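Below is one structure, written out as structure tokens; the observations come after it.
Every heavy atom of this structure was used, including side-chain atoms; hydrogens, water molecules and symmetry mates were not. Model, not experiment: these values are computed from the prediction.
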Amino acid sequence: MVNTTYYITNKNNQLLELLNTIDYCLSDARLEEVDKIIRLKEELLANDGIHITPEQMNNIISLLLSFVPMTVKEVG
């Protein structure tokens, strides 16, 4: 079994933009979401965006999608 790992490069400031977006999400987050968001940000910072697990990648996507307006998420 192969362990899949992802990374977010800082080319064109992608990692910095993601961290800034996470900070923005924090400012708008519900209290029960704050710990999860902070933990995700700390994990990204600890590894400089390298060796991101598939679970962390899913958490990033879920976090970002949670702030997309429902009208945008609706299909068809």
Side-chain angles (χ1 to χ4, degrees):
M1 183 171 177
V2 175
N3 273 347
T4 303
T5 184
Y6 300 93
Y7 66 94
I8 299 171
T9 119
N10 210 22
K11 182 179 183 184
N12 298 326
N13 293 320
Q14 291 173 335
L15 180 58
L16 183 58
E17 286 178 6
L18 176 61
L19 293 171
N20 286 340
T21 302
I22 290 172
D23 283 339
Y24 176 79
C25 292
L26 262 174
S27 70
D28 224 19
R30 295 186 310 268
L31 189 57
E32 61 271 10
E33 297 171 320
V34 170
D35 284 342
K36 180 179 169 183
I37 296 170
I38 289 173
R39 187 171 42 253
L40 177 62
K41 182 179 178 187
E42 287 173 348
E43 290 170 357
L44 288 171
L45 283 170
N47 296 324
D48 289 326
I50 301 169
H51 301 299
I52 297 171
T53 66
E55 180 185 1
Q56 288 171 312
M57 192 59 95
N58 285 340
N59 288 341
I60 292 167
I61 292 167
S62 294
L63 170 65
L64 298 177
L65 284 175
S66 72
F67 288 89
V68 173
M70 191 54 72
T71 54
V72 175
K73 288 192 267 189
E74 290 174 359
V75 178

What's the separation between atom [atom1] in [X] and atom [atom2] in [Y], rounded to the nearest 0.5 Å?
| X | Y | atom1 | atom2 | result |
| --- | --- | --- | --- | --- |
| Arg39 | Asn59 | CZ | CG | 8.5 Å |
| Ile52 | Leu15 | CD1 | CG | 7.5 Å |
| Ile38 | Asp23 | CD1 | CG | 9.5 Å |
| Leu45 | Leu40 | CG | CG | 9.5 Å |
| Glu33 | Asp35 | CD | CG | 11.0 Å |

Hydrophobic cluster membership, with links at side-chain heavy-atom distances under 4.5 Å among I/L/V/M/F/W/Y: are [X] and [Y] in one?
| X | Y | result |
| --- | --- | --- |
| Leu16 | Tyr24 | no |
| Ile50 | Leu18 | no |
| Ile22 | Tyr7 | no |

What is the minimum heavy-atom distance between Leu64 and Cys25, and which atoms define it? CD2-SG, 4.4 Å
Minimum heavy-atom separation for His51 to Gln56, with atom names? O-OE1, 3.9 Å
Heavy atoms of other groups near Glu55 CD, more than 12 under 6.0 Å: no
Would you say Leu44 and Ile60 make side-chain contact, with heavy atoms under 4.5 Å? yes
